[in-house]
Every structure is written in C-alpha cells, then in structure tokens.
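Computed over heavy atoms, backbone and side chain alike; hydrogens, waters and symmetry mates excluded. Values in this document were obtained by computation on a predicted structure and should not be read as measured data.
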Amino acid sequence: MVVTKEEVVAALTSSLSPSHLQVIDTSGGCGASFDVEVVSEKFEGKRLLERHRLVNAALAEQMPQIHALSIKKALTPSQWKPQSENEEPAKI
C-alpha cells in the first residue's frame, strides 16, 4: 500500500490541528519518504523528543509503509512566529 502526501496531511491535521503544516514527498511518488514541518499548540510545554513522538503517533497507521520520516521542524506557534517573519510561509 502506498502512503500519499494527502494521507499524511490528513493524519497530522486531525491529530495536531497545526497552524502551519508542510509535507513533502521525497520518495519520488512511491510514498515511502516524507519531510514534514509542523507548528502546533499541542507542542507547548513539550521537549523536542516528545513533539516528535506526537508526530509519529499521529502517523501510526501510515508508519508501517513509510520508510523514512524526517521531521524538519516541530514548533509551537510562538517559536514559529519569529521565523515566519523572516521567510515566506510554505504552503501544504
């Protein structure tokens, strides 16, 4: 079974209610490798490892088919705001 970018977006959106989400299929279309950036209030008060665990838990159903998941950013909205002022926001 191939995991689509849309499935990853839907799972992360449902679980984390992100204010910013970027998902890039880096597998060339086979759905085995993704880069993600997530900004969510659910990360407040959590360390980086805990944030990554939340992302992995949100994708628990898809993970058996995903070969590589690179969590580029897992930030709170307050952490994201200073960064987003210096760069243009990415689109899903």
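- Closest approach of Leu12 and Pro18 over heavy atoms only: O-CD, 3.8 Å.
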Would you be so kind as to tabulate the donor-acceptor pairs closer than 3.5 Å made by side chains of residues 38-48, with sequence neighbours excluded?
from, atom 1, to, atom 2, distance (Å)
Ser40, OG, Leu16, O, 2.6
Ser40, OG, Lys42, N, 3.0
Lys42, NZ, Ser15, O, 2.9

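- When all heavy atoms of Ser33 and Asp25 are compared, the closest pair comes out as O-OD1, 3.3 Å.
- Listed by chain and number, the residues in a side-chain hydrogen bond (donor to acceptor under 3.5 Å, both in side chains) with Ser78 are Thr76 (sequence neighbours excluded).
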For residues 52-64, tabulate all N or O donor-acceptor pairs below 3.5 Å that involve a side-chain atom, not counting sequence neighbours.
from, atom 1, to, atom 2, distance (Å)
Asn56, ND2, His52, O, 3.3

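- A side chain to side chain contact (heavy atoms under 4.5 Å, CB included) with Asp35 is found for exactly one of Lys72, Lys73, Gln22, namely Lys72.
- Among all heavy-atom pairs drawn from Leu75 and Trp80, the shortest one is CD1-CE3, 3.8 Å.
- In the hydrophobic cluster analysis, where Ile, Leu, Val, Met, Phe, Trp and Tyr join through side-chain heavy atoms closer than 4.5 angstrom, Ile24 is grouped apart from Ile66.
- Summarising the geometry, atom OG1 belonging to Thr26 is positioned 10.0 Å from atom NE2 belonging to His67; distances are rounded to the nearest 0.5 Å.
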